[in-house]
There are 2 protein chains.
Amino acid sequence: MPDQRITLKDIAQRVGVSTGTVDRVVHKRGHVSAEIRDRIEHAMKEMGYAPNLAARSLANNNKPFRIAVILPDYRQDPYWAQPKEGVERAAESVRHYNVQTEFFSFSMFQPRDFLESVDKALESGPGAILAAPLFLEEAKILLNGCQQQNIPLVFINTDIEGADILSYIGQDSYQSGVLAGRLLNFGLSDGDHAMLVNLDKEVSNARHLQDKERGFKDYFNGLEKKSIQIHTAVLENFDEPAFMQEWAKRQFEHIPRLTGFFVTNSRAYKLVEAMDTAVQDRVKIVGFDLIEPNLKLLAQGKIRFLINQNAWHQGYLGILTLVNKMLMSKEIPRTQYLPLDIIVKENVEYYLKRTLELPMVIV
Amino acid sequence: MPDQRITLKDIAQRVGVSTGTVDRVVHKRGHVSAEIRDRIEHAMKEMGYAPNLAARSLANNNKPFRIAVILPDYRQDPYWAQPKEGVERAAESVRHYNVQTEFFSFSMFQPRDFLESVDKALESGPGAILAAPLFLEEAKILLNGCQQQNIPLVFINTDIEGADILSYIGQDSYQSGVLAGRLLNFGLSDGDHAMLVNLDKEVSNARHLQDKERGFKDYFNGLEKKSIQIHTAVLENFDEPAFMQEWAKRQFEHIPRLTGFFVTNSRAYKLVEAMDTAVQDRVKIVGFDLIEPNLKLLAQGKIRFLINQNAWHQGYLGILTLVNKMLMSKEIPRTQYLPLDIIVKENVEYYLKRTLELPMVIV
DNA sequence: AATTTTTCCGTGTGCGCACACGGCATATTG
DNA sequence: CAATATGCCGTGTGCGCACACGGAAAAATT
């Protein structure tokens with residue numbers, strides 16, 4: 001590694017031009033003859049020039065970079081507080097670069113509300129947009145708007161196949177289903193029944209839920225030694241305790257050997273609440289996400305495993321990705337899968353801490 | 001959040017002094033009257049001053065910050081390639097700050113060699129030191145040296161209780177033992193026997209191995225429903241296949257229901273290699289770390305679980321911690337526990353990727 | 001009281017980069 | 001051929017901070 005950093009001036013001296021000319025080449029701002037441009041580019045390669053990002057950000061410090069963040073309202077679902085906090089943390093740590101964030105929240109079951117937020121966000125004339133595109137059709141409006149105004153866009157939580165975005169940050173839904181199968185399987189015996197439970201309202205419009213289901217079933221189909229029968233349920237009324245309890249009771253009557261559940265989103269706690277205490281201790285449940293009600297049940301042993309979707313990091317990385325691209329001119333991969341953390345009572349502590357004391361210098 | 005960032009100049013104008021005076025207060029360099037110092041400090045709090053780190057690093061850019069890195073030779077043990085790579089990656093990403101790293105490797109079973117590296121490192125006059133203090137007694141020499149020369153020190157992998165260092169970065173050894181117990185327990189039935197295996201040469205001098213053992217045993221002692229008997233083995237000759245095979249054979253003769261193993265470091269693969277194929281498929285093994293030979297056996301199902309010690313991140317965070325402290329004046333916690341990632345075949349992929357495509361911005 | 005020392009504070013420069021501005025050539029036009 | 005336009009390039013300034021330097025005032029010494 002080179003001992004001394006190469007600067008614009010070094011390149012300029014080597015080629016015999018001024019720093020201004022080198023700068024024009026670096027930023028492809030034209031007004032440089034082809035010959036000199038070639039010589040400069042050649043020298044940059046040869047000497048291994050890399051811009052000093054600190055200096056660059058200093059020189060750019062006058063103009064703010066505003067990022068519009070479109071996320072569901074966290075008051076409707078505690079899950080969405082996590083990406084929000086990640087965004088805030090990231091924003092805090094890139095404030096030196098004059099990065100500003102503005103939130104546009106929407107009601108997570110109302111596509112129209114999402115569209116409204118999209119409009120507001122676009123009208124605010126942002127330098128970039130970070131969004132969780134929960135609704136497939138409505139997300140296309142957002143995609144169009146960004147394309148027309150040439151605004152870079154990052155998706156978190158939900159990807160849209162073929163969408164022309166800067167990057168998707170989230171998990172591999174299919175594989176998380178497979179993993180859930182594997183984890184649930186630890187607690188099941190040959191001949192047991194397991195059930196996949198969707199506690200959501202837009203399942204048919206939510207690709208990632210379908211992917212999880214596919215992965216889950218594929219895992220059990222691939223088993224050789226055991227035979228586990230899989231059932232599926234979609235419950236849109238997950239917010240009505242009476243209904244849920246009635247439903248749960250019926251399931252155990254119909255399926256005596258029903259011993260495992262996989263809840264495909266962060267609402268596993270709602271399933272637990274629908275069961276009698278005795279049943280809670282008997283069944284094995286695998287769910288998602290480190291939100292408060294789930295954590296409590298994990299500690300009590302009523303939820304066996306949680307898979308961490310790293311929602312906090314989705315927000316955090318989302319902001320950093322945009323900053324990297326727009327301010328640092330770094331290349332960004334189209335898909336950034338976050339790990340599928342397996343959480344049990346014995347290791348949960350360290351995942352909770354992590355979001356608080358993250359490194360501050362990030363690279 | 002304030003729209004416009006507060007600068008030294010703002011403070012200076014407000015108080016009615018020059019930026020130089022404010023700067024002296026910021027850096028506690030003295031030569032400022034008590035009254036003006038108070039007024040400046042007051043103004044800084046009131047206006048919410050935070051230094052522009054980019055500008056600070058620019059202004060400091062002339063003097064390199066050299067970090068000496070004292071790690072075991074990775075050619076003796078693939079595990080140690082991981083922190084090394086983490087260090088290199090971090091070094092690469094803070095090169096803008098004129099940070100330089102120099103490696104001083106030592107033979108991991110020879111305390112004398114460690115001391116030699118310590119001497120060399122100290123003589124090189126580094127701005128900070130990152131070390132893995134494998135040997136308790138010898139590490140104290142390092143501690144003394146750093147204290148005398150006032151060199152900030154970060155430990156990874158192994159902590160030393162009460163040591164006056166900037167920070168320890170690694171895992172909670174005790175808890176990783178508990179977690180290993182929990183994971184192994186999935187595959188054990190009432191009456192089974194399990195064995196904790198130390199494949200190492202300095203066990204009595206290695207606190208973290210003892211902590212893991214304690215955690216592991218505590219877990220099984222706390223079980224209510226099952227009764228699992230725990231055995232312990234220390235094998236210093238883990239590098240002699242003939243010896244290992246002979247040893248393994250004897251164990252199964254003596255303990256017919258021996259079905260689970262917990263290998264307390266990254267050498268689980270050496271245990272597997274000591275067994276017949278049929279036995280390999282029957283026993284349940286929990287080990288540590290995502291190194292090549294382990295990964296292969298994990299994919300084959302011959303290792304059930306790996307606990308990720310996040311060795312790569314230990315190196316990575318180690319460097320960032322020092323940079324944060326010394327160049328950014330950030331406060332650093334004495335202990336930075338990394339999560340205990342549970343790795344199975346179904347989620348291993350994302351942990352391997354993560355080290356390659358980490359975020360890139362600097363703060 | 002004159003000098004020296006000490007205390008305290010302002011000024012100036014540079015870090016590497018971005019970009020506006022202006023100037024010198026050469027090309028274009030009447 | 002003069003006048004204007006255009007392409008190319010150098011110069012200068014500022015971003016916010018760190019720190020060396022020097023000067024003025026106050027304190028201590030002779």
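The chains referred to below are lettered A, B, ... by the order of the sequence lines, with proteins before strands, and numbering in each begins at 1.
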statement: In short, A:Ile11 meets A:Met44 closest at the heavy-atom pair CD1-CA, 3.8 Å
Roughly how many Å is it from [atom1] in [X] to [atom2] in [N], rounded to a whole number?
| X | N | atom1 | atom2 | value |
| --- | --- | --- | --- | --- |
| A:His27 | C:dC17 | NE2 | P | 9 Å |
| A:Asn52 | D:dG16 | CG | C1' | 14 Å |
| A:Asn60 | C:dC19 | CG | C1' | 10 Å |
| B:Ile40 | C:dC9 | CD1 | C1' | 10 Å |
| B:Arg24 | C:dG10 | CZ | C1' | 8 Å |

[N], OP1 or OP2 - any side-chain N/O from [X] closer than 4.0 Å?
| X | N | result |
| --- | --- | --- |
| A:Thr7 | C:dC15 | no |
| A:Thr21 | D:dG10 | yes |
| A:Tyr49 | C:dG16 | no |
| A:Arg56 | C:dG16 | no |

- request: Select base, sugar-phosphate, or nothing to describe what B:Asp23 touches, counting heavy atoms under 4.0 Å on all strands.
  value: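 The answer is base, as B:Asp23 lies within the cut-off (heavy atoms under 4.0 Å) of a base atom.
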Partner residues of [X] under the side chain to side chain contact (heavy atoms under 4.5 Å, CB included) criterion, sequence neighbours left out:
| X | answer |
| --- | --- |
| A:Ala139 | A:Pro133, A:Ile160 |
| A:Ser124 | A:Arg66, A:Glu102, A:Phe104, A:Pro126 |
| A:His27 | A:Asp23, A:Arg29, A:Arg56 |

Counterpart residues, side chain to side chain donor-acceptor pair (under 3.5 Å), relative to [X] (two or more places apart):
| X | result |
| --- | --- |
| A:Arg37 | none |
| B:Glu123 | none |
| A:Thr158 | none |

- prompt: Can you check whether B:Tyr168 and B:Phe155 have ring centres sitting under 6.0 Å from each other?
  reply: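 No, the ring centres sit 6.0 Å or more apart.
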- request: Identify, residue by residue, the members of residues 8-17 of chain A with a heavy atom below 4.0 Å from DNA chain C, and return them in order of residue number, or none.
  value: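 Residues of residues 8-17 of chain A that come under 4.0 Å of DNA chain C are, in numerical order, A:Leu8.
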message: Among C:dC9, C:dC21, D:dA18, which nucleotide has an atom closest to any side-chain atom of B:Ala59?
response: D:dA18
statement: The complete set of side-chain hydrogen bond (donor to acceptor under 3.5 Å, both in side chains) pairs with one or both residues in residues 38-52 of chain A, sequence neighbours excluded, reads A:Arg14-A:Glu46, A:Glu35-A:Arg39
query: So what is the end-to-end bend of the helix from C:dA1-D:dT30 to C:dG30-D:dC1, with 5 pairs used at each end and the value given to 10 degrees?
result: 50°
message: Within residues 29-36 of chain A, which residues have any heavy atom lying less than 4.0 Å from an atom of DNA chain D?
response: A:His31, A:Val32, A:Ser33, A:Ile36
All N/O donor-acceptor pairs, side-chain side in residues 141-154 of chain B, below 3.5 Å, sequence neighbours left out:
| residue | atom | partner | partner atom | Å |
| --- | --- | --- | --- | --- |
| B:Gln147 | NE2 | B:Asp164 | OD2 | 3.1 |

message: A:Lys84: which residues meet the salt bridge (Lys or Arg N to Asp or Glu O under 4.0 Å) condition with it, sequence neighbours left out?
response: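 A:Lys84: salt bridge (Lys or Arg N to Asp or Glu O under 4.0 Å) contacts with A:Glu88.
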